[in-house]
Number of protein chains: 2
Amino acid sequence: MNSFTEENYLKAIYKLSLKEGQGVSTNAIADILKTKPSSVTDMIKKLADKKMVSYQKYQGVNLTKKGRDVAVSIIRNHRLWEVFLVEKLNFKWDEVHDLAEELEHINTHKLTERLDEFLGFPKFDPHGDPIPDKDGNIVQHKDITLSDLSTGEKAVIVGVKEHSKSYLNYLEQLQLVLGAEVEVKDIVEFDATMSVLVNKKQTIISNQASKNLIVKKI
Amino acid sequence: MNSFTEENYLKAIYKLSLKEGQGVSTNAIADILKTKPSSVTDMIKKLADKKMVSYQKYQGVNLTKKGRDVAVSIIRNHRLWEVFLVEKLNFKWDEVHDLAEELEHINTHKLTERLDEFLGFPKFDPHGDPIPDKDGNIVQHKDITLSDLSTGEKAVIVGVKEHSKSYLNYLEQLQLVLGAEVEVKDIVEFDATMSVLVNKKQTIISNQASKNLIVKKI
DNA sequence: AATAAAATTTAGATTAGTCTAAAAATATAA
DNA sequence: TTATATTTTTAGACTAATCTAAATTTTATT
Ligand SMILES: [Mn+2]
Ligand SMILES: [Mn+2]
Ligand SMILES: [Mn+2]
Ligand SMILES: [Mn+2]
């Protein structure tokens, strides 16, 4: 079995390898896990011993199939629990992440599958992130963000790239929630501040905010 | 915050103090937690520093109000999750304990209360154990067992004193589940083996089995 | 009351995960 | 291409939780 700590490292490496590609760096891992690079080196060695990662000194680290499977399974748990908390226990989308961080480590096949079934086999979590299926297949988002749109274009909000409470909370106030339709009315040339129409209301949002909103053009 | 380990010690001390009364012994704790007496002594000192228990060398240990509150809260979580697993995820009563042992440590007030509400504020868990309310009040069972009955008496099964998979599984085969009505038809004088009538079927069970079945006379 | 047995505590070691400070390797810049 | 900066690793130390073996205290038995 893997400790919570090991699982969190694998998850971090998985997420970084989606961005950084091959050879995830020690510093990047330390950064995400709020630990020190020296601690990361130690853990990487341990994970390498367990054949969870492949590793050459100074060359960064990569997940093996075994390591990827664990990471994806934890992410599956995380996202299913988030759905549960929102759909069944009426939590808001900005409240569920920390709880899911704990629940995800109860990594028992039967529990996960029963939960999935109970929730009706959801495809996305409350933040629009795709839920891996039980074989570990996961469909990644296209990653078109609101900030990529031009004036006049319309889109549906399908996800967020930033999961902080303050961001999610702010979005909700602006009614920029999953499924909402937006139309770009104006873009300030200087700093890409946008005027968008949501639910017939006009709202102004910064580039910082719009570049973290994943959308699908319509 | 308390570690999982600390919470498990507090829970063990709580359960033992219900049986042993004042001054829970080091050996008994070691026994329940499958650890060594010397480890228990170390942890007791730590819990005493945190004002979770009162402790005098060689005199056994007692929970403080603070320690009791934590223990009861963990037990509340445990039993609520067991209800969830059985009622919502269709687990059987012999499958839920180990999962609940993990889930119970996600000790977040809001989660517990929402779960309680979602489940319809259940009073008992799938094994008939009472669920403490949110203020920590808990109604203990009377502890009349099937083995206490005399020939001819009738009773309803309301709980079990033994939670092992094999016992629960066995009971289910005999249809001796919560809510079932039993009538004592015969008791062997030698070893208290019982003949009981359940659902119009006659069954024979050992004293070992009947003394772990909590019942309510009717 | 003295002695033997059982329970409990202490001493010293071990493992997982972390840290700081220093050394080594790699990347960047003059 | 040498010097500088950055990244990564190593060395050594710390804490939480555990263990074994030995010492101490309490309890039970003669
Ligand atoms: Mn999350
Ligand atoms: Mn999410
Ligand atoms: Mn249980
Ligand atoms: Mn139970």
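Note that this is a predicted model, so its numbers are computed, not measured. Within every chain, numbering begins at 1; the chains are lettered A, B, ... in the order of the sequence lines, protein sequences first and strands thereafter.
When the side-chain nitrogen and oxygen atoms of B:Ser3 are compared with OP1 and OP2 of D:dA16, none of them lie within a distance under 4.0 Å. Between C:dA6 and B:Asn27, no contact under 4.0 Å exists linking OP1 or OP2 to a side-chain N or O.
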**Request:** Apply side chain to side chain donor-acceptor pair (under 3.5 Å) to the pair B:Asn8 and B:His105, showing each step before the final yes or no.
**Result:** CA-CA 9 Å; B:Asn8 284 334; B:His105 297 292; 3.1 Å; yes
**Request:** Decide yes or no on side chain to side chain donor-acceptor pair (under 3.5 Å) for B:Asn207 and B:Ser147, but give the supporting numbers first.
**Result:** CA-CA 7 Å; B:Asn207 183 249; B:Ser147 59; 4.5 Å; no
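Other residues, nucleotides and ligands contribute at most 12 non-hydrogen atoms within 6.0 Å of the NZ atom of B:Lys36.
The stretch residues 8-22 of chain B touches DNA chain D through B:Tyr9, each having a heavy atom under 4.0 angstrom from the strand.
Straight-line distance from the CD atom of A:Glu7 to the P atom of C:dA16: 16 Å, rounded to whole Å. The distance from atom CD1 of B:Ile29 to atom P of D:dT18 is 12 Å, rounded to the nearest whole Å. Atom CD in B:Gln59 sits about 20 Å away from atom P in C:dA6, given to the nearest Å. Per the geometry, NZ belonging to A:Lys57 stands 16 Å off P belonging to C:dA27, to the nearest Å. For B:Glu6 and D:dT18, the CD to P distance is 10 Å, given to the nearest whole Å. With rounding to whole Å, A:Ile44 atom CD1 is found 17 Å from C:dA16 atom P. Between B:Asn2 atom CG and D:dA16 atom P there is a gap of 13 Å when expressed in whole angstrom units. Between B:Asp31 atom CG and C:dA6 atom C1' there is a gap of 14 Å when expressed in whole angstrom units.
Relative orientation of the A:His97 and A:His163 rings is tilted, given thresholds of 30° and 60° on the angle between their planes. Taking the six-membered ring where tryptophan is involved, the planes of A:Trp81 and B:Phe84 are tilted, since the angle between them lies from 30° to 60°.
Salt bridge status for B:Lys45 with B:Asp49: absent, with no side-chain N to carboxylate O gap under 4.0 Å. The pair B:Glu162-B:Lys211 does not meet the salt-bridge criterion, since no charged nitrogen lies less than 4.0 angstrom from a carboxylate oxygen. Salt bridge B:Glu117/B:Lys134: absent, no basic N to carboxylate O contact under 4.0 Å.
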**Complete:** In B/S/- notation (B base, S sugar-phosphate only, - none; protein heavy atoms under 4.0 Å), nucleotides 19-24 of chain C written 5' to 3' is BB---B
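Under 3.5 Å, the side chains of A:Asn27 and A:Ser25 contain no donor-acceptor pair of N or O atoms.
In terms of position along DNA chain C, the nucleotide closest to B:Thr41 lies nearer the 5' end than the nucleotide closest to the other residue of the pair B:Thr41 and A:Met43.
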